[in-house]
Structure formats: C-alpha cells, structure tokens
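To start, the structure itself, in structure tokens.
Residue numbering restarts at 1 for every chain, and letters A, B, ... go by the order of the sequence lines. Quick caveat, the model's predicted, so the values are computed rather than measured.
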Number of protein chains: 2
Amino acid sequence: MRADAQRNYARLLAVAEEEIALNGADASLEQIARVAGVGSGTVRRHFPNRHALLAAVFRDHVETLCAHARDRVGRPDPRAALLEWLNAVTTSAATIRGLAMALNRDQVTGDEHEHCATGQLTEAGEPLVRQAAAVLAPGVTIADLLALITGIALATEHHPDPAAEANRLLSLAVTGLSPAP
Amino acid sequence: MRADAQRNYARLLAVAEEEIALNGADASLEQIARVAGVGSGTVRRHFPNRHALLAAVFRDHVETLCAHARDRVGRPDPRAALLEWLNAVTTSAATIRGLAMALNRDQVTGDEHEHCATGQLTEAGEPLVRQAAAVLAPGVTIADLLALITGIALATEHHPDPAAEANRLLSLAVTGLSPAP
DNA sequence: TACGATACGGAGACCCCCGCCGTTTAGCAA
DNA sequence: TTGCTAAACGGCGGGGGTCTCCGTATCGTA
C-alpha cells in the first residue's frame, strides 16, 4: 500500500467516524470525501460500498466487544458472565450511532462474510451462550440474542438516554416481561 | 374534495401500498407517481411528506389492530388477552413490509401527533396492559412493549419467515430469556 | 534519474427529494 | 347549456447523492 493511500485511508476513517456519529449509518459518502479533502472516487476506492466503510469504522469497537466476551469464558458464574457481556453489547449498540443499523444490515446479508461484525460477535459470544445453556430458555441461540439486542438498540435510538433504556428493555426480556404463572 | 382528486388519492394509495410492500418504507415517491401515472407534484400534494403517506397506507392495518385490542378488554384471562394482542401486533409488524419502520419512525418523532400509528396502538393497548399489570414485570409499560415489538420486527425483517421468527423472539422475551435462578 | 504501477480527482450519467408555477379541468351558477 | 373560478394537475429546475470511468499526478523502484 502506497504511503499516500495509507494517509488517505486513515484520514477517511477518522472523518467517517465523526460523520457517522453525527448523521448515523447513512451519512453521505460525498460529504465524507469533502470533509476529508479527497475526491469522491478515493473514498469509493478504499471502501467499495457503504458496508465496507461501516465495517472498517466499527472494527475496533467490535473487536473490543469480542475480547470482552473471550475474557468471560470460563468464569465461575456463566449466567452473570453472559449477562454482563450482553449488557456491554447493548450499551455499545445503543450508544455508538450507526452500529445497530450496521449490525442489522449484515444480519440481512446473511453472513456470507464470516468476518463481518455480526459474524465476529456470534463467534465470540457463542461460548458464553453454550456455558450458560443450563440457565437459558430452551432454544435460545446467540443469533437470537444478537438479533434482539440490535432490535432493541434500533428501537431506542431516539430515546434521551438510549443506553439506559436499551439495557432496561434487555433486562426485562432476560427475566421475562410476563413469566408464566 | 374534487372527483379527480379523489380518484388520484385512491390510485396513489393503492400503488403506494404495492410499492412499499415491494421496496420497504423508503420506496421512491417519484416511482409511485410514475406507476400511478400522475405527476410528482400530485403525490406531494396529497401526502406532504413520507410520513403522511405511510400513515395513510397503514391506517387500515393499524385500525384493525386497535379494534383487536378493544375486543379483548375485559376478557377473563387478562394475561392471555394481552399476549394474543401482542402476537397479533408482532405478526403484522413483521409481515407488512415497512410497517415496523413506520412505527419506529413515529416513536422517534415523539408522538406529537396523537393520532399517529404508535399513538393509536398505545391508546388501544394501554387498557390491556393495565388489566394484566398483576402478571407483568414491574415497570413494564405499553410503550416498552411496542418498542420491543418494533425492534424485533426490524431485526427479523430479513428472515425467511419473519412472522414466525418475530413471534418466537417475542415469546422468549415474554417468558424470559434467562429467568433468575 | 527515469519509468511503470498505483492512487488520485472529478466529470458524467442517473436517481431522488422538494418547491414552485403556468395550465387544465371539475363543478357550480346563471 | 355555457361561463367562470377555484382547485387540482403536471412537470420544470435546483440541490444533493451514488456509482463508474478515465486522464493525470504521484510514489517507489530499477
């Protein structure tokens, strides 16, 4: 990779992060190019489509969450371990503008990319779910949990305090909105 | 309302319904105008903004759900009554393309319109929630339930059988993903 | 230093949203 | 039936976005 390409890549990533934080997952690529001071062709060369850009922007965040999950494998209390992680994921999804939509989008694409955000989170979270299987409702999968979390994050995007609201909804779902009598 | 205006309104509504079923809540207004064989100004006159169009298109569906709720007020088993209604809402939100996004959008706008879709569903569902309060987790509101449902519907939009998947997730949330030990 | 590969910038084609305004037409009244 | 007027229509123009493509500038090496 040429030096100028590297510079532009880094610059674009930084600008994209700001712009997405400001305007959500469908921020204008054109605008990002303008702010970064490069031609629109350049952003498109580094990131062929919006999905690629989102993946790059959120890569670190996702990686952090995955590490968080791995740390919790083998903990003495599997239920607590899983719930802590789910809370962390929820907080990120609700706080980091655009992340929830990005996760939702690549669930749609059907995980053809093993290394997409949802794929990574699935892989990292699966052991936690397996460990906690005994205390989970039968049939619950890591995919279910991630779908629910992205859904909750999308639905609470507007709220004054999205993270708090999202976590509250998640807690309700975990313990049961209306447990059987 | 003039006769030609009435004709165009009806025609636009029909075309919009198809187009939204095909392309989701952000179908092209321009395209709708083309298919309906009217100028783009006409669609904009009848529906000043996208939200107005969505509201009109989904009005009947929402009204049906509200009636469904009113039917169930006063039933002997309040829990069953509420859950049946929640399932119905979930099925609609997951099946009718664009509805979930529309509901989500007007939760965002903050219900300044009392008669918007979410507002109507809130009003209709509130008695069911009140009735069932004794068997609900403390603090659960009708707004929470609707938010959760729209979130679930958004998250399962891609699934081969969205309604089944959405209802499954809802059931899990109702009985608890991992009820406390 | 010269050269080839690589990356850059932006023009062009296409689509969409939105506001505006000249023209047509429905429906009423004479 | 015939005029008339307000309401409704259609589409143009401006602004912006996406995506493709190609001539040009630049980097890194021989």
With a 4.0 Å cutoff (strictly under), does any side-chain N or O of B/N8 reach OP1 or OP2 of D/dC9?
yes
Taken to the nearest whole Å, CZ/B/F47 to P/D/dA8 is 14 Å
If you assign each of B/L29 and A/A5 to its closest nucleotide in DNA chain C, which residue comes earlier from the 5' end?
A/A5
When you measure from the side-chain N and O atoms of A/S28 to the phosphate of D/dG17, is any distance below 4.0 Å, counting only OP1 and OP2?
yes
Listed by chain and number, what are the salt bridge (Lys or Arg N to Asp or Glu O under 4.0 Å) partners of B/R70, not counting sequence neighbours?
B/E63
I need the CZ-C1' distance between B/R34 and D/dG11, as an integer number of Å.
13 Å
Give every residue pair that meets the ring pair (Phe, Tyr, Trp, His ring centres under 6.0 Å) criterion with at least one member in residues 1-27 of chain A, sequence neighbours excluded.
A/Y9-A/H46, A/Y9-A/F47
B/D4 bridged to B/R2 by N-O distance under 4.0 Å
yes
Roughly, in whole Å, what's the span from CG in A/D26 to P in D/dC19?
12 Å
Can you list the residues that meet the side-chain contact (heavy atoms from CB on, under 4.5 Å) rule with A/N87, with sequence neighbours excluded?
A/N167, A/L170
Quick one: list whatever passes salt bridge (Lys or Arg N to Asp or Glu O under 4.0 Å) with A/E19, sequence neighbours left out.
none
Between A/D106 and A/T118, do the side chains contain an N or O donor and an N or O acceptor separated by less than 3.5 Å?
yes
Whether A/D144 and B/R168 form a salt bridge (side-chain N of Lys/Arg under 4.0 Å from carboxylate O of Asp/Glu) is what I want to check.
yes
Taking A/V62 as the starting point, is it possible to reach A/M101 by hopping between hydrophobic residues whose side chains are less than 4.5 Å apart?
no
If a protein heavy atom is under 4.0 Å from the base, mark B; if only from the sugar-phosphate, S; if neither, -; do that for nucleotides 21-30 of chain D going 5' to 3'.
-----BSS--
At the 4.0 Å heavy-atom cut-off to chain B, mark where contacts on DNA chain C begin and end, going 5' to 3'.
C/dC16 to C/dG27
Using whole Å, report how far CD of B/E30 lies from C1' of D/dG17.
14 Å
Can you tell me how far C1' of D/dG10 sits from CG of B/L12, to the nearest Å?
13 Å
